Amino acid sequence: MLKSMKIPPLQERRKANRLIFFFKVVEGLVPAMPSQDFLTPVRQSKRRITPKHFKDFKVNNIVEQYSVNNSKCFTPIQCKTQLYKNSFFPKTLIEWNNLEESVVRADTVDIFRSTVLQWD
């Protein structure tokens with residue numbers, strides 16, 4: 001029924017909503033959560049780490065945690081437990097770092113929302 005109505009799966013919708021909220025935090029649109037309290041920007045270097053992505057299967061590669069695809073990347077949060085690893089900031093931060101520069105550089109939340117929904 002979801003395919004016939006062209007609604008993305010729940011997993012993709014959750015990912016998009018996490019990224020939209022993360023965008024709001026990074027841009028300072030959530031006054032209760034200043035980004036400098038939770039996030040450390042990555043030092044920009046000439047070297048870029050990009051993992052390979054495959055459509056037919058998902059790989060949990062350690063390189064994916066440290067990939068830097070845009071100029072607004074943040075240092076990954078080190079997690080000792082699976083529970084913390086799957087919480088909002090550690091999980092969304094890795095997904096944010098994997099976004100393209102054009103997606104991250106959106107001017108407004110509405111533009112970011114539309115690009116993220118198209119990008120998935």
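These values consider heavy atoms only, across backbone and side chains, with no hydrogens, waters or symmetry-generated copies. Small disclaimer: the values here were computed from a predicted structure and weren't measured.
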Checklist entry - Roughly how far apart are Ile94 CD1 and Lys85 NZ, rounded to 0.5 Å? => result 7.0 Å
Next on the checklist: I'd like to know if Glu95 pairs up with Lys15 as an ion pair, taking the criterion as any Lys NZ or Arg NE/NH1/NH2 lying under 4.0 Å from an Asp or Glu carboxylate oxygen.
Outcome noted: no
Item to check | Chi angles and distances behind the side-chain contact (heavy atoms from CB on, under 4.5 Å) call for Tyr84, Ile77 | outcome: CA-CA 10 Å; Tyr84 184 53; Ile77 299 171; 3.5 Å; yes
Checklist entry - What pair of heavy atoms forms the shortest contact from Pro76 to Leu93, and how long is it? => result CA-CD2, 3.5 Å
Checklist entry - What distance separates Arg113 CZ from Ile111 CD1, expressed to the nearest 0.5 Å? => result 11.5 Å
Checklist outcome for this item: On a heavy-atom basis, the closest approach of Leu117 and Ala16 is CD2-CB, 3.7 Å
Next on the checklist: Measuring from atom CG of Leu29 to atom OG of Ser35, what distance do you get when rounded to the nearest 0.5 angstrom?
Outcome noted: 10.5 Å
Checklist entry - CG of Asn17 to CG of Leu10: how many Å apart, nearest 0.5 Å? => result 9.5 Å
Next on the checklist: Could you report the tightest heavy-atom contact between Pro31 and Pro34, atom names first, then the distance?
Outcome noted: O-CD, 4.0 Å
Checklist entry - Closest heavy-atom contact between Pro8 and Arg13? => result O-NE, 3.0 Å
Checklist entry - Excluding sequence neighbours, so at least two apart, what forms ring pair (Phe, Tyr, Trp, His ring centres under 6.0 Å) with Phe88? => result Phe21
Checklist entry - What residues form a ring pair (Phe, Tyr, Trp, His ring centres under 6.0 Å) with Phe112, not counting sequence neighbours? => result Phe23, Trp96
Checklist outcome for this item: Between Thr75 and Val42 the two heavy atoms that sit nearest each other are N-CG2, 3.4 Å
Checklist outcome for this item: Tightest non-hydrogen contact, residues Glu101 and Asn70, listed as OE1-CA, 3.1 Å
Item to check | NZ-CZ distance between Lys91 and Phe22, expressed to the nearest 0.5 angstrom | outcome: 14.0 Å
Item to check | Distance in Å, Thr92 OG1 paired with Arg14 CZ, rounded so as to fall on 0.5 Å steps | outcome: 12.5 Å
